[in-house]
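See structure below.
Each residue takes its place number in the sequence, starting with 1.
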Amino acid sequence: MLIVRLKQCEVAMGDGRLDEAFELARRPELRRHRRGQELVGRLARALVERGRSHLAGGQFVAAAQDCEKAAQLGGNMAEVTQLRSAVSHAMTEQRRREHECLEVLATARRHVEMGQLSVGEQMLAALPAGDDRAESLKRDLGARRASVQSVAQKANALLAAGDWEAAIDQIRTLERGCCSDPAVREIASRITARVVSEATEAIETGRLDVAGSLMSRHETLPGRWAQADDVRQTLRQCRQALDFIEKADAAGAEQVLRAMSRRWPKAHWIDSALAQAGKWRAATEELRASPLRVGAGMGPAQGKSPGVAMREAPAPKNGAKPVDFVLHVDGVGGFRVLGRPVITIGPISASRPVDVALLADASLPVITITRSDDDYFLQARGPVMVNDKSVTSTLLSSGDRIALGPRCRIIFRRPSAASSSAVLDLCGTRLPRGDVRHVILMDRELIVGPGASAHVRADDLSAPAVLQGRDGRLVCRAADPVLIDGRAAGTWAEVAPGAHVTIGPLGLVVAKEE
């Protein structure tokens, strides 16, 4: 029987059926025979040769299998060791190339999604032909390019016909990344130039409502456009000047109007308003310098720090209730928002109720923070530490550290120079609601957006969104489309308590105070 198996093994080897010969040769009784030992040696070398052929053909798994079979038959032969080393090196190189290919694919996909189609196309061209993943991405890139070209042609035709609003609507049909395509950016730049020209003419002729409407419609155009910043800044300055006038602050209104006058020399209505504000300020100063000042007791109040002149905080306009609510932002946290100009802060067990109750020692002092125009003042009945200095009254600046006690601290911040709203960050203490860790003192608006200039930092947003309080109502404005409870609401929407608001990738909920 052994001789028969030996013969079968030799025939299988002669016919090139090495796997069949391997199964016969691995039997212990055959390998103990002298003739079988010679046969095993020849078979091991034949397997090594076939493994080398597989390796040369890029069949690394088959080469590794032949190497292991040869090792089982012939042990640690030099040929087997060399083949094993060569296979290992080849497989390592294959994995490295595969990893590089995946990185190139991922980078190319990011460029395609960002609208940088030409860059993505160049990266895909460097990949080996026949890669299914690369071919799929190339098809996607081609479809995007065709879509961009179609939208660019339609938008260009609409713009040429003078309908720039319809051209914006066409551009908005594109995915966000595709809006950065050079052809689309060129059309959007021309739209912006036209809108800015019309808005500039409207401002110079005093039609601020027209300019505001134009810029509001332009805000729906994807991307950031520096050309429109001057116009938007001027409209903000107009609102700021009006706020100063309504607060009877002639000097503030005059300062804003003077800056506008330098920027808009052709807007003669600004010069007229500036002259009237100057007369108003002069008359006001003359009245304040009259004997009325002494008779009405208008001197500095007792107990206040030298150089800190405080005025009564303005009451809400038209009797409207200040906007107070709790804001929950997905992935960011909870914020208690207070719209009133005067708030008290102290321990929850204080002798009198406070606006912001802290879970802190009952013996800690109660402080009052008052907003007057764009300034914030701190007052306390007893001394508190502000920036490691003991005070009872002081003007607050952004970054000031307020310590009610050794382990109860508050950091006062004014993130945005364009907004008079402020943020209180609690350290070493917390609010009764565990899901709320910050307090926002909201004046006209609060900013939710990327970067340190936002009151609520949300880096997932590409552009800031603004929540504004208007006559007791809350309004959301954003560059990205706004969804209210899953329904599209454009880029401007009123937010009711309990509504779930989605701005681009960010979700937030506005809740009533409990």
Tell me, do Met442 and Leu338 make a side-chain contact under 4.5 Å, heavy atoms counted? no
CD1 of Ile367 to CG of Leu378, rounded to nearest 0.5 Å, is 4.5 Å
Please tell me if the side chains of Met215 and Leu235 come closer than 4.5 Å, counting only heavy atoms from C-beta onward. yes
Using side-chain heavy atoms (C-beta onward) and a distance below 4.5 Å, is Val436 in contact with Phe335? no
Can a side-chain donor-acceptor contact be found between Glu103 and His99 if the only test is distance below 3.5 angstrom? yes
Taking the basic N atoms (NZ, or NE/NH1/NH2) and the acidic carboxylate oxygens, is any pair closer than 4.0 Å for Asp400 and Arg414? no
In this structure, which one of Arg457, Arg413, Arg401 forms a salt bridge (charged side-chain N to carboxylate O under 4.0 Å, His left out) with Asp425? Arg413
Asp19 bridged to Lys69 by N-O distance under 4.0 Å: yes
Kindly determine whether Ser213 and Arg217 satisfy side-chain hydrogen bond (donor to acceptor under 3.5 Å, both in side chains), including the steps that lead there. CA-CA 6 Å; Ser213 176; Arg217 282 176 282 173; 3.3 Å; yes
Distance from Ser419 atom OG to His455 atom NE2, nearest 0.5 Å? 3.5 Å
Under the side-chain contact (heavy atoms from CB on, under 4.5 Å) criterion, do Cys67 and Val48 qualify, and how do the steps go? CA-CA 6 Å; Cys67 182; Val48 169; over 6 Å; no
How close do Ala155 and Ile187 get, heavy atom to heavy atom, and via which atoms? CB-CG2, 4.1 Å
Closest heavy-atom contact between Ala188 and Leu221? O-CD2, 3.8 Å
For the residue pair Cys476 and Ile503, what are the closest heavy atoms and their distance? SG-CD1, 3.8 Å
Whether the side chain of Asp163 engages the backbone of Ala166 through a donor-acceptor N/O pair (distance < 3.5 Å, no angle test) should be reported. yes
Under the side-chain contact (heavy atoms from CB on, under 4.5 Å) test, which residues partner Arg236, sequence neighbours left out? Arg232, Gln233, Arg239
When rounded to the nearest 0.5 angstrom, what is the spacing between CG in Leu506 and CG in Leu461? 4.5 Å
Examine distances only and state if a side-chain atom of Asp324 and a backbone atom of Gly339 form a donor-acceptor pair shorter than 3.5 Å. yes
Minimal non-hydrogen separation, Ala63 against Val87, with atom names: CB-CG2, 3.8 Å
Charged N-O contact under 4.0 Å between Arg84 and Glu68: yes
As a quick check of understanding, evaluate side-chain hydrogen bond (donor to acceptor under 3.5 Å, both in side chains) for His218 and Thr192, giving each step before the final call. CA-CA 7 Å; His218 178 267; Thr192 300; 2.9 Å; yes
So, the side chain of Ser421 versus the backbone of Glu445: is there a donor-acceptor pair under 3.5 Å, distance only? yes
Are the side chains of Phe22 and Leu47 in contact, using a 4.5 Å heavy-atom criterion? yes
Could you give the distance from CG (Leu426) to CG (Leu404), rounded to the nearest 0.5 Å? 10.0 Å
Result of checking Gln65, Gln59, Glu49 against His54 for side chain to side chain donor-acceptor pair (under 3.5 Å): Gln59
Within the structure provided, determine whether Val482 and Val501 are in side-chain contact (heavy-atom separation under 4.5 Å). yes
May I ask you to test the Ile369-Leu441 pair for a side-chain heavy-atom distance under 4.5 Å? yes
Nearest-0.5 Å distance that lies between atom OH in Tyr376 and atom OG in Ser420: 5.5 Å
Minimum heavy-atom separation for Pro347 to Asp361, with atom names? CB-O, 3.4 Å
Indicate yes or no: at least one non-hydrogen side-chain atom of Leu18 is less than 4.5 angstrom from one of Leu43. yes
Looking only at heavy atoms, the pair that brings Ile484 and Ala489 closest together is CG1-CB, 3.8 Å
One should read off an interatomic distance between Glu219 CD and Ile168 CD1, to the nearest 0.5 angstrom, of 10.5 Å
Assess the residue pair Ile191 and Ile171 against the criterion (side-chain contact (heavy atoms from CB on, under 4.5 Å)); give the C-alpha distance rounded to whole Å, side-chain angles, the decisive distance to 0.1 Å, and a yes or no. CA-CA 11 Å; Ile191 292 173; Ile171 293 175; 4.0 Å; yes
Check whether more than 12 heavy atoms from other residues, nucleotides or ligands sit under 6.0 Å from atom CZ of Arg17, and answer yes or no. yes
Residues that Asp485 engages under salt bridge (Lys or Arg N to Asp or Glu O under 4.0 Å), provided they are two or more places apart: none
Sub-3.5 Å donor-acceptor pair from the side chain of Arg194 to the main-chain atoms of Leu159, do we have one? yes
Taking C-beta and beyond as the side chain, do Arg430 and Arg437 meet within less than 4.5 Å on heavy atoms? yes
Answer with yes or no whether the side chains of Thr92 and Arg96 bring together a donor and an acceptor at under 3.5 Å. no
Counting distance only, does the side-chain N/O of Thr234 pair as donor-acceptor with the main-chain N or O of Asp230 below 3.5 Å? yes
Can you list the steps and then say if Lys512 with Phe325 is a side-chain contact (heavy atoms from CB on, under 4.5 Å)? CA-CA 5 Å; Lys512 288 183 177 179; Phe325 56 92; over 6 Å; no
Before you tell me yes or no, could you show the steps for Met91 and Leu55 under side-chain contact (heavy atoms from CB on, under 4.5 Å), namely the whole-Å CA-CA distance, both residues' side-chain angles and the distance that decides it to 0.1 Å? CA-CA 10 Å; Met91 295 181 77; Leu55 179 60; over 6 Å; no
